[in-house]
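Encoded as structure tokens, the structure appears first; notes follow it.
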Number of protein chains: 2
Amino acid sequence: MSDTPSSVQLGLPGRKPVISREDIIAAALKLLGPTRSVSTLSLREVAREAGIAPNSFYRHFRDLDELAVALIDLAGESLRQIIGEARQRATSKHSVVQGCADAFMDQLRADDRLLHILLREGTVGSAAFKHAAERQLSFFEDELRLDLIRLAKMKNSGLHEPALTAKAITRLVFAMGATALNLPEDKHAELTEQIVVMVRMIIAGTQALAASKTKNPA
Amino acid sequence: MSDTPSSVQLGLPGRKPVISREDIIAAALKLLGPTRSVSTLSLREVAREAGIAPNSFYRHFRDLDELAVALIDLAGESLRQIIGEARQRATSKHSVVQGCADAFMDQLRADDRLLHILLREGTVGSAAFKHAAERQLSFFEDELRLDLIRLAKMKNSGLHEPALTAKAITRLVFAMGATALNLPEDKHAELTEQIVVMVRMIIAGTQALAASKTKNPA
DNA sequence: GCAAATAAAATACAGTTGTCTATACACCTG
DNA sequence: CAGGTGTATAGACAACTGTATTTTATTTGC
């Protein structure tokens, strides 16, 4: 989307940048963990980790909020791609729900720290911060909504309020994922199972509501 | 639960405390808002707001984490009471779901800032911090579970995995509530409606799953 | 009144933060 | 080579942080 000023350095005068936006993002990711959230990062800390002077940070980002938004977008794109792959992979082997839940939790366990960001930092931080997180979530909802419609047609089953159904599933899964971050790994399997049942519940519910609507349209 | 050292001052020597735990909690609440979360509060700031010297804070709390846990517990108890009232009030007038959702959103709008804490701070902060939030959520789940069982018996409808159903509803409602905090007030009605439909979806789902289980026990 | 006890305040310290200013560096073009 | 240009650094500043130590204030029992 946004071309970094350092990616295309065609014949411009001046000293070459020794560091790129991506390097700073990578440094910020290195600092994150179960006890460190993006909103607790300091400019100096990130600069230190990236091996640059504090002031050099400003060459790449206006402020920490801009870094945070970049991280959120990155996390969203990354996770969407993984879930997308899981979706296609699952249609043949296991159920879609199970496949996506597994992929989700696998990613959680792998912990490239991107997922952490998306899961828990949407509720804190500045307005720009929250807006970016909401936007990424809405992307998920949209993709899921289309998938639900496709699935309902295929199975010839009802689907009450596709958008709301997608939203419910997305929010619930993310909320459950956020709690998983605080849990030891040996509880993850149990939690994955819980997520699967919950999602099945919502799907069964949307089908039931659709059925009762056609039967009782008043 | 825990008696404050200042609440019962029977014949002890020494200077009387000019400020109580509750005063500090109130000061902290005053500082919170849509842009300030508990985890961003500083000890000095709270002490300043409470009108005491920074060090005096330690007389009442070991550290900010202890304050945060107190705030979370307070928020949980407060909200549970309100939801409890809504539950009883709703059984006669409207549906239980609608009544509770309304009460929830009313409380959100009223913004005594307690709800904000519970909604969004469970995902950030120290381990003690998160644990306190999880505990409060589990209280909600438990109350809701009992209610669901009662309701299912009354209406003679099925109920697949009561605990999971309660957990799904709780987490989903809280997640939706958290997003409501970032929304302007004129969107709250729409969001309340969404929550109601979502909850109905889950309830319909748990009933459908229960029905399919009795039909197909294999 | 006096000593003990408790609470609060005053002072101080080392650390960190964001940002400003000035300066050194590396690179391209002429 | 010089000149310009964009990048990165160094140093400094005021503000803030949590906390340790010391001092003051206020209350009680004798």
Side-chain angles (χ1 to χ4, degrees), chain A residues 2-28 30-32 35-70 124-126 128-129, chain B residues 3-28 31-32 35-70 124-126 128-129:
Chain A
S2 62
D3 48 350
T4 63
S6 57
S7 59
V8 272
Q9 187 89 9
L10 22 81
L12 283 168
R15 179 177 175 177
K16 270 185 197 164
V18 308
I19 222 171
S20 69
R21 255 177 95 99
E22 284 69 31
D23 291 328
I24 295 182
I25 289 179
K30 240 187 276 181
L31 291 170
L32 296 179
T35 56
R36 294 297 310 272
S37 64
V38 177
S39 37
T40 67
L41 290 179
S42 80
L43 187 151
R44 286 183 107 106
E45 199 179 8
V46 174
R48 213 179 301 135
E49 180 67 36
I52 58 173
N55 260 320
S56 302
F57 180 88
Y58 294 117
R59 297 264 163 203
H60 304 277
F61 296 95
R62 182 191 310 273
D63 50 25
L64 280 174
D65 258 32
E66 200 173 298
L67 209 206
V69 171
V124 278
S126 71
F129 206 120
Chain B
D3 48 350
T4 63
S6 57
S7 59
V8 272
Q9 187 91 6
L10 20 83
L12 284 166
R15 180 175 175 175
K16 274 182 191 164
V18 308
I19 222 171
S20 68
R21 256 177 93 99
E22 284 69 30
D23 292 328
I24 295 182
I25 290 179
L31 290 170
L32 296 180
T35 56
R36 294 298 307 270
S37 65
V38 177
S39 38
T40 67
L41 289 180
S42 81
L43 186 151
R44 286 183 109 107
E45 199 179 8
V46 174
R48 213 180 301 136
E49 180 68 35
I52 58 172
N55 258 319
S56 301
F57 179 89
Y58 294 116
R59 296 262 162 205
H60 305 277
F61 297 95
R62 184 191 308 274
D63 50 24
L64 280 173
D65 258 32
E66 200 174 298
L67 209 205
V69 170
V124 277
S126 70
F129 206 120

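Chain naming here is simple, since letters A, B, ... match the order of the sequence lines and numbering starts at 1 in each.
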Do A/Ile19 and A/His60 come within less than 4.5 Å of each other through their side chains, counting heavy atoms only?
yes

Please report the distance, rounded to the nearest Å, between CZ in B/Phe61 and C1' in D/dT19.
18 Å

Distance check needed: C/dA8 P versus B/Asp23 CG, whole Å only.
10 Å

Classify A/Leu64 by what it touches in the nucleic acid, base, sugar-phosphate, or nothing, heavy-atom distance under 4.0 Å.
sugar-phosphate

Sorted by position of nearest nucleotide on DNA chain C, 5' first, the leading residue of B/Ala53 and A/Pro54 is B/Ala53

Of the non-hydrogen atoms in A/Ile52 and A/Phe57, which two are nearest, and what is the gap between them?
CD1-N, 4.0 Å

Heavy atoms from C-beta onward define the side chain here; which of D/dT27, D/dA20, C/dT17 lies closest to that of A/Ser42?
C/dT17

With a cut-off of less than 4.0 Å, is there a side-chain N or O of B/Arg48 near OP1 or OP2 of D/dT17?
yes

Are any non-hydrogen side-chain atoms of B/Val38 and B/Val124 less than 4.5 angstrom apart?
no

Select base, sugar-phosphate, or nothing to describe what A/Asp63 touches, counting heavy atoms under 4.0 Å on all strands.
nothing

Reading DNA chain D from 5' onward, which residue's closest nucleotide shows up sooner: A/Ile52 or A/Arg44?
A/Ile52

Where the side chain of B/Ile19 is defined as all heavy atoms beyond and including C-beta, which of D/dA20, C/dA8, D/dT28 is the nearest nucleotide?
C/dA8

Contacts of A/Arg48 meeting salt bridge (charged side-chain N to carboxylate O under 4.0 Å, His left out) (sequence neighbours excluded), chain-then-number -> none

What is the distance, to the nearest angstrom, from the CZ atom on A/Arg15 to the C1' atom on D/dT9?
8 Å

Expressed as a whole number of angstroms, how long is the span from B/Phe57:CZ to C/dA7:C1'?
16 Å

Phosphate OP1/OP2 of D/dT7 contacted by A/Arg59 side-chain N/O (<4.0 Å)
yes

Measure from CD1 on B/Ile24 to C1' on C/dA7 and round the result to the nearest Å.
12 Å

Over how many whole Å does the gap from A/Arg62 atom CZ to C/dG18 atom C1' extend?
16 Å

Counting only side-chain nitrogens and oxygens, does B/His60 get under 4.0 Å of the OP1 or OP2 atom of C/dA8?
yes

Length of the OH-P vector between A/Tyr58 and D/dT7, whole Å:
17 Å

Could you work out, with salt bridge (charged side-chain N to carboxylate O under 4.0 Å, His left out) as the rule, every residue matching B/Arg36, not counting sequence neighbours?
B/Glu45

What's the CD-P distance between A/Glu45 and C/dG15, to the nearest Å?
17 Å

Does A/Ser56 reach a base, just sugar-phosphate, or nothing at all? Heavy atoms under 4.0 Å.
base

